[in-house]
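Here is the structure we will look at.
All values derive from a computational prediction rather than experimental measurement.
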Amino acid sequence: GANGTGAAQGPFNTIQAALDAAEDYDIVSLAVGTYGGQGNVNLDYAGKPVMVSGAGGGSASIIDCQGTAECGVDFRTGEDGRSVLSSVEICHATKSAIRGAWLTTPAIQHCRIASNQAAFLSQGGAWIRNCEIEGNQSDEGVIRASEDLFLENCALVHNAGSAENAVIVFSGNRLQLINCTLAENPMVPLVVRSLNESETRIGNSIFWSNASFLSECPLADVFVRHSCVQGGYAGVGNISNDAQLTPRGRLKANSPCIDSGVSLAAPPADLAGIPRWDDPSQTNAFSSFDMGAWEFVDADADGMDSGWE
């Protein structure tokens with residue numbers, strides 16, 4: 001039918017129509033539902049500083065590429081952190097859920113990226129926060145970036161690909177992973193290709209049950225601190241005890257990752273928005289948060305994380 005005006009009583013027929021009409025700093029709000037077909041995939045922000053935001057959380061507004069579209073969102077016109085994708089799920093892309101060109105660094109937050117060929121393939125970079133990246137299968141890397149890449153409170157679990165590829169493939173200058181969980185991926189967890197003055201910093205993160213140990217990965221100038229790394233990794237506060245994770249990467253009650261991270265520079269809340277806290281049942285000399293994307297909270301004292309029981 002005829003395209004709407006963008007008002008609540010007359011919404012646009014497609015997401016792209018709303019993006020085309022959007023002015024700087026507008027918010028394109030998606031109703032709960034599944035969006036697919038022309039105008040709802042291969043979305044182009046055209047360089048605009050706007051936000052596309054779903055309703056009701058990361059799996060309530062779904063961009064379904066239906067196994068025919070190459071990507072859900074295509075950042076290709078110099079988008080930066082003012083171009084935001086928030087609170088949507090993207091699935092079934094034949095190339096990558098999200099793509100990026102040179103000199104693009106969009107913000108991606110509170111999203112679920114599942115069952116695609118890849119999650120994020122970019123010649124640029126991104127800020128990726130509070131995202132679940134699960135069940136993608138790619139021979140190019142699940143996340144691949146060539147410019148600054150920052151991941152915070154992200155869970156990358158049950159992704160797969162060819163043996164020579166990795167969950168994260170990075171060839172830029174600055175890579176940062178804070179409170180991330182990489183687990184149960186039958187792939188190399190991380191590849192960092194050396195560049196002049198490149199810097200990779202990993203903190204409060206978990207690397208467990210991947211195809212190889214982090215210490216076996218091709219890495220350049222990587223600093224790892226206060227993280228749980230299977231097989232061990234040199235760095236202040238690192239541990240190699242069994243992380244004790246659920247199949248989805250959450251902490252069990254007996255996880256050594258509880259209160260083993262540091263609060264300095266850590267996000268104040270976890271992937272699910274639960275405030276991070278210093279568990280009084282854990283003995284430590286200073287205020288500590290948990291390692292990984294999710295904070296362990298047992299509100300009813302039954303030994304199970306309240307977030308998944």
Side-chain angles (χ1 to χ4, degrees), residues 15-16 19-20 22 24-25 28 41-53 63 65 69-88 90 93-113 116-133 136 138-154 156 159 161 165-178 180 182 187 189-202 218-222:
I15 303 172
Q16 188 62 59
L19 278 169
D20 292 344
D24 288 0
Y25 304 105
V28 176
V41 293
N42 299 318
L43 297 172
D44 182 5
Y45 279 56
K48 296 179 181 179
V50 298
M51 174 187 289
V52 173
S53 182
I63 297 174
C65 297
E70 288 192 349
C71 65
V73 180
D74 195 356
F75 293 106
R76 54 191 178 192
T77 321
E79 290 85 0
D80 59 22
R82 299 170 299 167
S83 298
V84 182
L85 177 67
S86 181
S87 303
V88 300
I90 304 179
T94 62
K95 187 70 173 177
S96 179
I98 303 166
R99 272 195 314 210
W102 293 108
L103 302 177
T104 57
T105 53
I108 301 160
Q109 60 189 31
H110 307 295
C111 291
R112 185 170 188 270
I113 303 173
N116 302 280
Q117 281 293 98
F120 179 78
L121 298 181
S122 179
Q123 295 174 307
W127 295 81
I128 304 177
R129 299 183 179 95
N130 302 300
C131 290
E132 293 186 68
I133 300 170
N136 303 282
S138 174
D139 289 337
E140 298 183 65
V142 177
I143 293 177
R144 179 185 289 264
S146 299
E147 296 174 7
D148 293 354
L149 178 65
F150 302 92
L151 284 88
E152 178 180 277
N153 277 347
C154 289
L156 297 93
N159 300 285
N165 271 295
V167 181
I168 300 174
V169 180
F170 181 70
S171 57
N173 287 322
R174 290 189 298 165
L175 170 63
Q176 180 171 289
L177 278 71
I178 301 296
C180 291
L182 282 77
M187 305 175 72
L190 176 64
V191 170
V192 177
R193 300 200 172 114
S194 178
L195 290 176
N196 291 333
E197 300 181 0
S198 66
E199 179 181 274
T200 296
R201 295 190 178 273
I202 298 171
L219 304 175
D221 298 320
V222 174

Side chain to side chain, Gln109 and Val84, heavy atoms closer than 4.5 Å: yes

Close side-chain approach of Cys111 and Ile90, heavy atoms under 4.5 Å: no

Working for side-chain hydrogen bond (donor to acceptor under 3.5 Å, both in side chains), residues Asn116 and Asn136: CA-CA 5 Å; Asn116 302 280; Asn136 303 282; 3.1 Å; yes

Close side-chain approach of Asn165 and Val142, heavy atoms under 4.5 Å: no

Heavy-atom closest contact (Gly81 atom, Ala107 atom, distance): O-CB, 3.7 Å

For Ala118 against Gly141, the heavy-atom pair lying closest together: CB-O, 3.6 Å

Shortest non-hydrogen separation from Thr105 to Glu147 and the atoms involved: CG2-OE1, 4.5 Å

Inter-residue atom distance Asp80.CG - Phe75.CZ, 0.5 Å rounding: 10.5 Å

pair Asp148-Asn173: side-chain heavy atoms closer than 4.5 Å: yes

Taking every non-hydrogen atom, the tightest pair across Leu182 and Pro189: CD2-O, 3.6 Å

Side chain Thr104, main chain Gly78, donor-acceptor under 3.5 Å: no

Pairs where residues 101-112 contributes a residue and the test salt bridge (charged side-chain N to carboxylate O under 4.0 Å, His left out) is met, not counting sequence neighbours: Glu89-Arg112, Arg112-Glu134

4.5 Å side-chain heavy-atom contact, Ile98 and Leu85: yes

Non-neighbouring partners of Asn130 that pass side chain to side chain contact (heavy atoms under 4.5 Å, CB included), sequence neighbours left out: His110, Asn153

Close side-chain approach of Glu140 to Lys95, heavy-atom, < 4.5 Å: yes

Parallel, tilted or perpendicular: ring planes of Phe150 versus Trp127, cut at 30 and 60 degrees: parallel

Least distance between heavy atoms, Pro106 atom then Gly125 atom: CD-O, 3.4 Å

Interatomic distance, Ile128 atom CD1 to Gln176 atom CD [nearest 0.5 angstrom]: 13.0 Å

Euclidean distance, Leu156 CG relative to Leu177 CG, rounded to 0.5 Å: 8.0 Å

Interatomic distance, Leu175 atom CG to Leu151 atom CG [nearest 0.5 angstrom]: 7.0 Å

pair Ile63-Ile15: side-chain heavy atoms closer than 4.5 Å: yes

Asn42 side chain vs Ala69 backbone, donor-acceptor pair below 3.5 Å: no

Separation between CE of Met51 and OH of Tyr45, rounded to the nearest 0.5 Å: 8.5 Å

Interatomic distance, Ser122 atom OG to Ile143 atom CD1 [nearest 0.5 angstrom]: 11.0 Å

Heavy-atom pair of closest approach, residues Ser83 and Pro49: OG-CA, 3.9 Å

Check against side chain to side chain contact (heavy atoms under 4.5 Å, CB included), Ile113 and Phe120: CA-CA 9 Å; Ile113 303 173; Phe120 179 78; 6.0 Å; no

Val73 side chain reached by Ile108 side chain, heavy atoms, under 4.5 Å: no

Those residues that, when tested against Asp44, pass side chain to side chain contact (heavy atoms under 4.5 Å, CB included) (two or more places apart): Gln16, Ala46, Arg76, Thr77, Glu79

